[in-house]
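This is the structure I want to talk about, given as structure tokens.
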Amino acid sequence: MKLPVCGEEQVIMEAIRNNTVVVICGETGSGKTTQVPQFLYEAGWSHPDSDNPGLIAITQPRRVAAVSMAKRVGYELNLPESVVSHQIRYDVTTSEKTRIKFMTDGVLLRELSQDLLLTKYSVIIIDEAHERNLNTDILIGVVSRVLKLRAELSREDRAKIKPLRVVIMSATLRVSDFTENSTLFTKPPPVISVNARQYPVSIHFNKRTPEDHVAEAFKKVSKIHDRLPEGGILIFLTGQNEIQHLCKLLREKYPSLPPKAALEERKRIRQAAELELKRDAAIPGEESDSDDSDSDLGFDEEELVSTKDGKWEYIYKCEYGKFTYTISYAAPLHVLPLYSSLPTEAQLRVFQPPPEGTRLCVIATNVAETSVTIPGIRYVVDCGKAKERRYDIKTGVQSFEVDWTSKASAGQRAGRAGRTGPGHCYRLYSSAVFDHDFEQFSTPEISRMPIEGVVLNMKSMGIDNVVNFPFPTPPERQTLSKAEKLLGYLGAIDTDVKHITPVGQAMANLPVTPRFAKMLVIGNQQDCLPFVIAIVAALSTEIAKARRRLMRKKYFESQIKHAGLDRSSDILKLLNVVGAYEYAGATAEFCEENFLRSKAMEEIRKLRWQLTNLMAALFENVDVWVDPKMLPPTKRQIKFLKQVITAGFIDSVAIRKDVIENGGQGGTRFKNARGVAYKLMWSEEEAFIHPGSILYSQEPPIALVYNELFKGATKTCFKGVTAIDTKWLPEIGKEFCSFGRPLDHPIPKYSEQTKDKKTVYVVPSFGPKGWPLPPIQVEMHRKGTRWVISA
DNA sequence: AGGGTTTTTT
């Protein structure tokens, strides 16, 4: 069967020849991702002697897609992976022979900071642009500038520099953010639409919108399974809990294994039918219509046509003809959960055909909307909602909220039913809700996330005035200035002219968020860098595993074990976990016993290697290697590590409310952190140490830094707490500190000889709210008629 | 004793 995109080859190639930018719209199944690179290749692009000798690049938002697409195209062109190659974070197959290169968009962004002209490439194909991921959006913005640069340079010396072409591919027609954005492309690029090889999907809305979409999904799936012909069911819910719950309900109602007797009865009926048909077929003159070209696919197949009162009617097709029979047991449901934190093996089960005589039923989150395509789905049940991470840019408070998806998302979900044949989508909400409460499109990621990493990356590419950057959807001014402020605190950019500093340039070379990059850059002291690397690697990864309620006690025991001797930091606890995991031989069993996601632990391992190699390559004085049997840090090192952590989170300090209200001193004595309120730098709200923190069961510290701030159902909690000493703040957090007048008590001490120096106690105040901190001793010297604090 | 998380990536 020919892919729809192949019919458009002429149109596409002509458009790419005549325009620097082309937009191609085609839903999943149109074949654009695999075919467009091949069109270019076969037209001679990327050939060293051609007019477009540079590589053909295709970017993908996800690693798996980059790898599998490269394999697929290599197979179709019958070329080795040294020619059709891929590059993702930890895996490269490129060679000097490479002509087509699939990669994640993050990889190309990183390459851009080394070579702003993308000289290696002749075409950049940006795939899945409709998803509006952060990296994809930034890439489109940067590439639009590269285009202009390359065009100018090529006009000066065509022999040396060839112009660049860009192809933006999208599964939906939401492309106006790219095409009608004159800061991005002065002349609107042509849009080519490609039909998808997609079967029709009938949409069925609920009359009423139920409160409980899990219960409603259960009813709907039961109905589908009891009454409708065979075909897999895919259910979209919002989170793990809902999924596990519905799994349980459905497995109870439709046990996964059919009665053995029923299976045997079925086999007997089929064999008898086949024999009878064979006899009939042997009668001469009864030829079957052989020019029905599809019939060769239809043989030896069975179709469930109806069910009634527990009786199932099947049509059985074999080599000799068709036969209808009924059997009296409900086909079991093969119920599988699917969400991203599920171990890989469990995820792969959805790709295997369900056991014979059962119906596949996958209950999934958003993963099944974009990242994973499940074969054999004919029915989609869509609750219409999605869980989203929200981020309050002013306060830094994150939360998870369940809300309606967009019309575009609902369309994507429905489309999953039409991949292998005509399908049905059951929406568990009314059409009125769909019309009135659903946004047309989901909010692009850039409008929902902190972007200090993006801003630092731009600065390192020489883009100082980020406001003028051609974002497909510009982030809010406030988001940008917040990012610049944080980069200022971290010392990555100059606070006046907002230009990148040497430290910032070093940070930009590290593939982690700027806070973590800062920790790495300052962490090379007292033999601590390997610890800092392990900490940063662990913080960059979602490490904890979802736990069952029953395991609660054991979980807390393991947490205490991991905290080791120092119980004042959740982040240092992470360090211990990483060490213990490696020490135990990095096994899956260790992860299982210790409530860790083995996928995450493997990622941490690879990240430690990458960061270690990078640090050694970037800094002359760094002598570091990965030591799996890393010894725990000493007391002195622990103190230093906490200071490093403080520096990375200097804008995320919290102080106990009672201490602030008491002028920075004393405060109440508490046995544990339960109900003990902390004040936040950027919010009037109070926050609490999470009961899951290692610090919860101890006397709560006066001051702490936190990795994240989460708004739960009842209150706002810190995640990843480290107790700090307020004495560090005037040093590490200079820009947030000021000092009051010297105190009369304890009495100032003057230097013996000259009397132009004195040692005094002052009350420092910290942060935008000027919190009073416990008094510290400082040295002052006389400057003219005034006393000033010595540096 | 104690709360609750979707999804990606350099």
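Here the structure is a predicted model, which is why all the values come from computation and not from measurement. Proteins come first, then strands; the chains are lettered A, B, ... in the order of their sequence lines, and each starts at number 1.
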Problem - Those residues that, when tested against A:Glu484, pass side chain to side chain contact (heavy atoms under 4.5 Å, CB included) (two or more places apart) - result: A:Val455, A:Lys459, A:Val466, A:Ile493, A:Lys498
Practice task
Determine, using ring centers only, whether A:Tyr429 and A:Trp404 are less than 6.0 Å apart.
Solution key: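 Yes.
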Exercise for the section: Have a look at A:Lys719 and say if it touches a base, only the backbone sugar-phosphate, or nothing, with a 4.0 Å heavy-atom cut-off. Expected result: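 The residue A:Lys719 makes base contact.
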Handout entry: NZ/NE/NH1/NH2 to OD/OE distance under 4.0 Å, A:Arg669 and A:Glu699
Key =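 Salt bridge: yes.
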Exercise for the section: Look at all strands and tell whether A:Ala386 reaches a base, only sugar-phosphate, or nothing, counting heavy atoms closer than 4.0 Å. Expected result: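 Nothing: the residue A:Ala386, judged by heavy atoms under 4.0 Å, touches no strand.
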Handout entry: Under 4.0 angstrom between A:Thr714 side-chain N/O and B:dG3 OP1 or OP2
Key =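 For B:dG3, neither OP1 nor OP2 has a side-chain N or O of A:Thr714 closer than 4.0 Å.
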Problem - Distance below 4.0 Å between A:Thr365 side-chain N/O and B:dT7 OP1 or OP2 - result: yes
Exercise for the section: Please state whether the phosphate of B:dT10, meaning OP1 or OP2, lies under 4.0 angstrom from any side-chain nitrogen or oxygen of A:Arg63. Expected result: yes
Problem - Distance in angstrom units between A:Asn672 CG and B:dG3 P, rounded - result: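 Taking CG of A:Asn672 and P of B:dG3, I get 12 Å after rounding.
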Problem - DNA chain B: 5'-proximal contact among A:Ser399 and A:Pro511 (nearest heavy atom) - result: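 That would be A:Ser399.
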Handout entry: Residues A:Lys711 and A:Glu685 bridged, charged N to O under 4.0 Å
Key = yes
Practice task
Under 4.0 Å between any heavy atoms, over every strand shown, what does A:Ser371 touch: base, sugar-phosphate, or nothing? Just pick one.
Solution key: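 Answer is sugar-phosphate: A:Ser371 comes under 4.0 Å of backbone atoms only.
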Problem - Shortest non-hydrogen separation from A:His130 to A:Ser170 and the atoms involved - result: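 Reported closest heavy-atom pair: CB-OG, 3.2 Å.
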Completion exercise
Whole-Å distance, A:Leu709 CG to B:dG4 P, equals 14 Å
Exercise for the section: Calculate the interatomic distance between A:Leu456 atom CG and B:dT10 atom C1'; express it in whole Å. Expected result: 12 Å
Practice task
May I ask you to verify if any side-chain N or O of A:Ser340 is less than 4.0 angstrom from the OP1 or OP2 atom of B:dT8?
Solution key: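 True: A:Ser340 side-chain N/O within range (under 4.0 Å) of B:dT8 OP1/OP2.
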Handout entry: d(CD1, A:Ile689; C1', B:dG3) in whole Å
Key =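 Interatomic distance, CD1 of A:Ile689 to C1' of B:dG3: 14 Å.
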Exercise for the section: Whole angstrom is fine here: how far is it from CZ in A:Phe595 over to C1' in B:dG4? Expected result: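 Spelled out: CZ on A:Phe595 to C1' on B:dG4 is 15 Å.
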Handout entry: Nearest-nucleotide 5' precedence on DNA chain B, A:Cys717 against A:Arg89
Key =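 Nearer the 5' end of the strand: A:Cys717.
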